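What follows is a short report on a single structure.
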Amino acid sequence: MTNETQSSPAAGSADALREVVEDIKGRSKLLSVHDIYKSFGTNAVLKGISLEVDHGEVLALIGGNGAGKSTLMKIIMGIYSADSGDVVIDGDKVDISNPKAALAHSIYMVPQEPMLFPNMTVRENITIGFEEKANVLNERLEKVMGQTGWHMDLERKAMTLSIAEQGMVEILRGLMRNPEVLILDEPTSALTFDEVQSLFNCVRELQKQNIGIIYITHRLAEVFELATSVAILRDGIVAMQGNIKDFTREDLVRGLLPPDASNIRSDTAAAARAIDYDADPVLELQGFSGYGFKDVNLKVYPGEIVGMAGVVGAGRTEMATTIFGMEKPLGGKVLLDGKDITGKSTADVINAGINYVPEDRFADALFRIRDVSENTTSSLLCGKRLGNFLLNFKKEEEISQQYVNDFRTKVTGLDQEVGGLSGGNQQKIIIGRIFASEPRLVILDEPTRGIDAAARGDVYAVLNKLRESGVSILLISSDMEEVVELADRAVVMFQGRINSEFQKADISQDNLMSAAFGVTSDKGAVSA
Amino acid sequence: MEKVKKLLKARELTSLVFLIALFVIVGAMNPMFLDPSNVSACFNSSVVYTLVAVGMAFVLFIGEIDVSVGANLGLTAAVVGTMLRDGQSLVLAIIVAIVIGIVIGLINGWGVCVMGAPSLIFTLGVNGILRGLIYLYTNGAWVENLPKSFKDFASVNLIGSVSVYYCCIIALVIVIHLVLTRTRQGRYFVAVGDNAQGATLVGLPTFKTKMLAYVICAVMASIGGVIFCSRIGFVTPMSGNGYEMKAIAACVLGGISLAGGVGSVIGSAIGAVIMSSISYLLVFMGFSSNYDNAITGIILLVIVVIDAVIQHRSLVKNKHDRLLARVSQDAPAPSVQAEKGGEA
Amino acid sequence: MDKVKKLLSRGQASWNLILIALLVLEFVIFGAANPKFLRPQLLFTAVNDNLAVFMLALFVTLVMCTGGIDIQVASLVGLTSIIIGVAWQDFGFSIWGACALATVVVCLCGALSGFFIAYCRVQAMVITLGGSFLYSGLALLVSTLSSTASYESISGFPDDFKFIANYQVGGVIPFQILIYAAMLVVAFILLHKTKYGRKIILTGVNQSAAEYSGIHTRRVIMSTYVLSALAAAIAGIVLTAYLGTAKSDLGGDLTMDIITAVVLGGTLSTGGKGSVIGTALASLAIALLRFGLPLCFKIGTQYLDIPVGILLVAVIVGRSAATNTGIVPWLRSLFARKGSSKASAQ
Amino acid sequence: GLGLVGCGGGSGSAATTAAASGEAAGGDVAGKTVAFIPKITGNAFFESANDGAQKYAKDWGFTVDYLGSSSASASDQVGIINQAVANGVDALCISTVDAAGVSDALKKATDAGIVVTTWDSDAQPEDRTLMVSQGTPEILGQMLVDMSVDGLKQRGKDPSADKITYAWHYSQATVTDQNSWQVAAEAIIKKDYPNWENVHPDNYYSNQDAEQAKTVGAAVLSAFPDIDLIICNDSTALPGQLAAAEDAGYDAQKITITGFASPQSIKSYCENGTIYNWGLWDCAVQGAMGCYVAAYLAAGNTVKVGDTISIPSIGDVKVEANDSISEGATTGDENNGVVLLPERLVFTKDNMNDYNF
Ligand SMILES: Nc1ncnc2c1ncn2[C@@H]1O[C@H](COP(=O)(O)OP(=O)(O)OP(=O)(O)O)[C@@H](O)[C@H]1O
Ligand SMILES: Nc1ncnc2c1ncn2[C@@H]1O[C@H](COP(=O)(O)OP(=O)(O)OP(=O)(O)O)[C@@H](O)[C@H]1O
Ligand SMILES: [Mg+2]
Ligand SMILES: [Mg+2]
């Protein structure tokens with residue numbers, strides 16, 4: 001039994017609507033929202049949303065990129081104002097006009113994109129805004145860190161944190177708040193398996209303390225692992241809602257998809273192609289060392305997807321950025337098609353045929369106040385495709401449109417500023433940029449972070465298409481599932497070194513996980 | 001040891017080192033300079049700049065800018081000067097000065113925080129208006145013949161040859177520094193400048209903080225105007241011209257970033273001393289005055305460039321050290337380490 | 001009203017329309033108050049007298065698009081002028097040789113500041129402030145090399161040099177305005193039509209992301225300072241020709257006018273957005289305002305800062321109020337909410 | 001031949017001698033408009049001149065438009081001249097920032113039928129009609145030296161025998177008039193007082209910034225504690241230097257500070273005994289005279305060298321040849337020449353209260 005709440009005013013009659021509202025009000029839940037409408041300009045994002053969460057409940061909120069999940073949460077948090085609709089806490093209608101008011105009502109949101117103070121220490125970042133005395137706070141912080149098992153250097157400046165670490169700081173902040181309602185907006189997208197588990201433990205602990213939790217995620221597995229109830233947002237309305245026990249995975253997938261969509265994932269499970277391992281490798285790393293990684297030997301063959309797993313801080317990003325010319329290498333060689341490109345500038349590396357999707361979208365990839373086509377073609381500027389001196393605007397439009405179509409990116413036009421897009425759509429544009437440079441080899445660093453199932457399917461499909469055309473891919477991902485699904489071969493990095501390698505048949509989450517923690521090794525290179 | 005290290009890392013200290021180095025170099029060129037009275041004269045003459053720079057620091061903390069302080073100072077000086085010349089009481093004059101500061105601060109704050117205008121442009125416009133008002137108010141004439149007692153107060157020394165004003169400023173800067181670093185609300189300024197959205201999200205009063213920063217900045221400049229009257233004894237319509245740039249430069253010399261969120265008022269106070277004593281030092285250097293501007297420029301460039309290079313180097317080195325430590329076998333555990341889950 | 005709002009929020013194109021509307025308004029009001037204002041001869045005079053600002057603002061726009069600022073260009077004008085004068089009068093250079101020498105030296109100065117800003121990562125405002133001291137100091141030192149005392153100006157330039165400022169094409173259009181027009185076209189194409197211009201913009205939005213896109217951001221940043229120095233050299237040559245004298249402090253006070261023109265033209269002071277056309281329109285609007293107010297309304301020239309300041313404040317506030325993108329309006333929406341939530345409660 | 005001593009006071013009898021008694025009977029000055037252009041606005045000197053010009057002009061019945069810029073630059077002045085031409089004024093009376101720089105603009109103004117006169121700081125003689133001059137650089141340089149000598153003498157020093165150390169402190173190396181006075185005065189000192197020693201031959205500058213003037217002043221005093229004489233031929237530098245001297249405990253018996261500034265701005269220092277004497281000329285009268293001769297010529301009158309112009313309530317002034325202020329300058333046949341201002345004034349405790357500018 002699934003109770004589909006058709007709360008679109010166009011569909012349901014006003015009376016029926018009022019009944020639903022009255023009904024929800026009557027029960028005096030911990031937090032409920034009624035009939036929320038919100039549009040940005042002409043873009044109607046929320047069209048009458050009603051939701052509720054009770055004490056001790058974990059409400060999983062899912063929906064495609066741009067469905068409006070974050071927008072709804074920002075409304076609850078007082079960051080945006082709803083065009084109409086109410087927020088009700090413990091049966092009382094409240095006016096949440098800014099985050100301060102939300103905090104006063106014991107609501108706290110861990111945002112989707114970390115919003116730390118880069119020049120402050122981790123400790124300050126976590127404790128700022130509290131009324132309590134410093135030593136009380138520090139004690140509590142110790143306790144919370146003990147609970148999660150995350151031990152961070154509290155005196156480090158936040159700007160030196162990796163994106164995963166930033167996410168952890170944000171979560172610690174949320175746990176410190178002792179809220180009644182805790183909103184977690186895609187908390188796990190940047191985390192690796194182990195941190196995810198400790199986060200889950202914490203969430204369960206909070207649940208026991210009768211706290212209401214809204215949990216946003218794109219990973220359906222997490223929904224079943226954690227949630228007590230689930231709501232699906234689609235096209236601005238709540239498409240489905242109910243107790244988790246009443247749903248199967250297929251139900252959820254169906255709820256996420258537009259009613260008429262065919263199964264988008266059909267082509268991703270394309271049979272593993274035979275890779276010609278006798279051919280000359282596209283990319284070869286020989287004893288490659290740099291800051292954060294050492295003695296990396298790796299070959300990537302034409303048309304191959306090599307997965308690279310590891311825990312946070314394993315050094316994968318450093319290796320990638322060093323190949324990409326952003327950091328000075330300390331030793332060894334990088335050969336692309338046998339040509340030595342070690343230590344070349346980023347522009348040269350791009351022109352030689354490598355491109356890279358950075359893991360920190362906001363800091364390193366997005367031009368937020370520029371439009372879609374400018375974002376798509378930015379890495380063509382160092383080559384000749386857009387012209388020698390004058391810009392070829394027609395070509396630019398062609399290319400941008402192609403990737404918008406290929407990835408089904410949700411944009412109002414090529415001249416839309418990307419800052420206003422949802423996270424997933426932003427990511428698609430960045431991946432489009434990389435492919436637009438027609439590379440021989442692509443390094444993707446956490447490419448599907450924050451991307452919904454549909455978009456993920458699109459990305460996977462593009463990756464497969466690309467590989468068929470002979471492009472090789474080095475896929476750095478903390479999502480083991482993704483590595484298992486996509487990789488022809490996988491390597492695992494542990495403390496800056498590659499400690500194991502798995503052929504397609506051997507790739508499994510267990511294997512990857514153990515290697516990532518340096519527990520077992522195929523090659524015996526593990527330093528324990 | 002730890003404490004010493006931490007102290008050495010303090011950003012203000014580099015500025016102080018630059019200041020001392022500057023004094024030592026000039027002292028080497030002309031030993032006469034090393035007389036304590038000269039050193040204290042450098043400090044004494046920086047009073048007005050220090051006030052303006054410390055006020056500016058607040059606005060820079062929150063990641064904005066205020067280029068109307070120069071005209072603000074000039075206008076206040078003109079108003080206060082006329083009042084005192086015409087025999088009004090000092091207390092009333094100071095109250096008027098503060099009111100002028102608050103009004104200008106509120107106007108700037110309104111434009112930038114409420115209307116969301118870019119601060120550089122908005123305050124540039126306000127600067128023009130205020131500068132014009134000075135001409136309108138004074139008819140272009142000078143304000144002269146301020147009461148002697150008021151002027152004399154500027155030359156009263158408190159400790160050795162350090163003037164009363166400078167002693168007050170030192171006390172003020174220390175108090176402000178403590179408030180900024182030790183109190184919850186004090187931290188809000190840098191927090192808002194560091195990440196305004198993030199600050200709002202954790203419930204900080206972003207708007208109030210920004211407004212307050214503008215008001216503090218403007219009031220400091222206005223008080224600067226009063227002290228200007230007392231120290232100089234006459235007010236020209238050009239008074240305060242160019243102070244905004246010098247105050248910004250002072251703040252940067254003191255380690256404040258124009259991007260917001262970084263720095264301390266002590267740094268900006270030291271920077272102000274560097275900025276204002278250059279013309280004093282040039283006299284002792286004994287170069288032809290034709291070199292004045294060139295040397296001023298070189299001093300400024302050398303300090304900020306060296307400072308930036310040092311800062312950047314240490315940032316990169318820290319990062320590299322951390323990364324290298326991860327790789328080396330028997331290094332201490334990485335800063336983030338996930339406790340091993342049972343599954344492994 | 002809503003339409004206006006929408007138009008205003010549509011970015012630069014509409015902003016340019018607003019500036020054009022402002023210009024038209026000036027023409028109408030000033031023209032009505034004093035028909036003399038509309039005489040082409042007078043209008044050209046108004047432009048001529050501000051031409052240095054016009055020229056410099058064009059290329060400072062590029063600098064500000066990278067997120068920087070250039071407050072040293074004004075002092076480079078003086079440096080250009082005095083180098084021309086001294087090289088020509090005292091070192092036997094031909095006048096054009098002297099111009100070439102000045103251009104090279106001034107571009108090197110721009111490159112030096114650009115280097116500090118781009119490669120040593122020092123804040124542009126401070127470097128160019130230091131630069132303005134240094135280069136005006138250099139100009140003074142250059143002037144001491146001359147047999148003419150620093151406080152006297154070097155004059156008596158050959159007619160074919162003064163020609164560039166004083167010749168009037170067809171007897172109406174001053175040749176120097178054509179030079180400006182050429183610079184306008186070059187700046188426009190550079191910023192809006194070339195890959196280089198795109199690199200400038202992207203660098204200004206997010207330098208790190210631009211680096212990851214393979215853009216040599218530091219080279220780009222440095223080059224904009226060289227370009228603005230080049231513009232200063234051209235402006236210095238034209239101004240020297242126009243006034244017929246070379247002096248070390250020529251143009252030293254243009255800084256604020258330049259910045260005003262650029263920001264009023266719609267360039268973000270944080271970088272990433274800017275328009276050469278906007279800058280040109282804004283500088284014209286300001287010049288006409290400064291020319292028209294005393295002419296038509298007898299406002300004393302020393303009070304002109306007030307109306308120009310009010311214009312700046314009013315226009316910027318109006319614009320910010322009408323657009324709603326970016327962080328600040330987002331913050332503002334927090335405080336404007338009270339009213340809207342009340343409205344929705346009804 | 002000098003005119004009258006300006007008394008800075010009001011002019012009671014306005015139109016009594018209104019009809020100009022010049023030889024050439026021309027039109028009346030009444031109803032004319034004169035653009036009065038200072039080098040810079042906001043400077044006490046130019047503001048007093050404007051005050052004077054406005055006050056007299058009211059009595060004479062013509063209009064004075066004060067048009068200035070807050071920065072002393074040739075390009076600004078060119079803009080202002082063009083502005084004035086556009087406004088259709090009858091005459092210009094300008095103190096030029098840079099004679100060569102405004103040359104073309106003044107020529108154009110003349111072509112447009114506007115009478116160009118100058119005051120305070122001259123244009124190139126062929127670019128203007130009359131100049132109302134406060135004196136040549138030599139005269140003013142001599143005046144500075146004389147005031148210094150008087151100041152030294154009253155301290156009991158013997159200027160021609162004692163070793164006198166001195167320095168200059170004024171606005172900038174690029175400002176024309178102050179530098180020309182300094183150069184002239186240096187020449188006189190070299191010749192007449194070879195026993196004087198300039199401790200810093202390149203001078204000290206304070207850029208017309210009051211704070212800097214005080215800071216530089218203080219630095220000079222502590223770098224050369226025994227200095228005998230500081231000459232401040234700039235109206236911002238002089239009070240700044242005096243304020244610094246007062247702070248450092250100097251008075252007119254320990255050090256001689258002199259220079260050019262208005263009596264009002266220095267009065268209090270004189271009362272305190274920090275300064276013995278300083279000088280200026282009656283800039284209010286100078287400004288008024290400049291405007292009058294401008295309007296006079298604009299009214300169609302013509303003058304030749306040797307003629308006298310009688311200025312109501314100021315007095316008769318004689319037109320002299322251009323070479324009386326700049327050597328070798330030629331003078332046009334008609335409507336070209338120099339009018340020397342009412343006497344330059346030296347202020348001391350005794351007479352400073354007689355002037356209200
Ligand atoms: N500040 C804004 N201005 C304009 N449009 C916005 C703004 N914020 C969000 N939107 C639009 O609202 C829609 C919903 O965005 P939202 O971020 O809520 O999606 P989401 O469900 O969180 O998606 P994701 O899973 O990708 O995070 C998107 O179409 C987005 O373009
Ligand atoms: N001390 C530091 N200072 C500045 N930046 C740092 C520092 N430490 C790490 N970073 C940056 O953080 C990013 C990622 O570092 P991280 O520790 O996550 O390594 P990683 O191996 O990429 O982790 P992952 O396995 O999640 O990819 C890199 O871009 C790195 O440059
Ligand atoms: Mg979201
Ligand atoms: Mg990484």
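Every heavy atom of this structure was used, including side-chain atoms; hydrogens, water molecules and symmetry mates were not. Numbers restart at 1 for each chain; the letters A, B, ... are given by sequence-line order, proteins then strands. As the structure is a prediction and not an experimental result, all values here were calculated from the model.
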Study note, to complete from the structure: CG of L106(D) to OG1 of T96(D), rounded to nearest 0.5 Å, is 8.0 Å
Check your understanding: For S150(C), is it the side chain, the backbone, both or neither that has a heavy atom under 4.5 Å from a heavy atom of chain D?
Key -> both
Practice item. Can you tell which part of V78(D) gets under 4.5 Å to a heavy atom of chain C, answering side chain, backbone, both or neither? Key: both
**Study point:** Validation row: V85(D), K108(D) side chains within 4.5 angstrom (heavy atoms)
**Key:** no
Review point. Is chain D contacted by the side chain of R290(C), its backbone, both, or neither, given a heavy-atom distance below 4.5 Å?
Key: backbone
Exercise for review: For chain C, find which of G42(D), A86(D), S103(D) contributes the most heavy-atom pairs closer than 4.5 angstrom.
Suggested key: A86(D)
Practice item. Can you tell which part of Y242(C) gets under 4.5 Å to a heavy atom of chain D, answering side chain, backbone, both or neither? Key: both
Point to revise | Spatial distance of atom CD (Q302(C)) from atom CD1 (I80(D)) [nearest 0.5 Å] | key: 8.5 Å
Point to revise | Heavy-atom proximity to chain D below 4.5 Å, by part of L295(C) | key: both
Check your understanding: Side chains of T41(D) and Y66(D): does their closest heavy-atom pair fall under 4.5 Å?
Key -> yes
Study note, to complete from the structure: Max heavy-atom pairs within cutoff under 4.5 Å with chain C, candidates G88(D), G79(D), S70(D), A74(D), goes to G79(D)
Exercise for review: Would you please go through residues 31-40 of chain D and name the residues with a non-hydrogen atom below 4.5 Å from one of chain C, in numerical order?
Suggested key: none
Point to revise | Region of D177(D) in contact with chain C, defined by heavy-atom distances below 4.5 Å | key: neither
Practice item. Would you confirm whether D76(D), through its side chain, and A72(D), through its main-chain N or O, come within 3.5 Å as a donor-acceptor pair? Key: no
**Study point:** Residue pairs, two or more places apart or on separate chains, that pass ring-ring contact (aromatic ring centres under 6.0 Å, His included) and touch residues 93-118 of chain D
**Key:** none
Exercise for review: Among V183(D), N87(D), V102(D), single out the residue with the greatest number of heavy-atom pairs under 4.5 Å to chain C.
Suggested key: N87(D)
Check your understanding: Can you tell me how far CG of L264(C) sits from CG of L312(C), rounded to the nearest 0.5 angstrom?
Key -> 5.5 Å
Review point. Between D98(D) and chain C, which part of the residue has a heavy atom less than 4.5 Å away: side chain, backbone, both or neither?
Key: side chain
Practice item. Determine, using ring centers only, whether W88(C) and F161(C) are less than 6.0 Å apart. Key: no
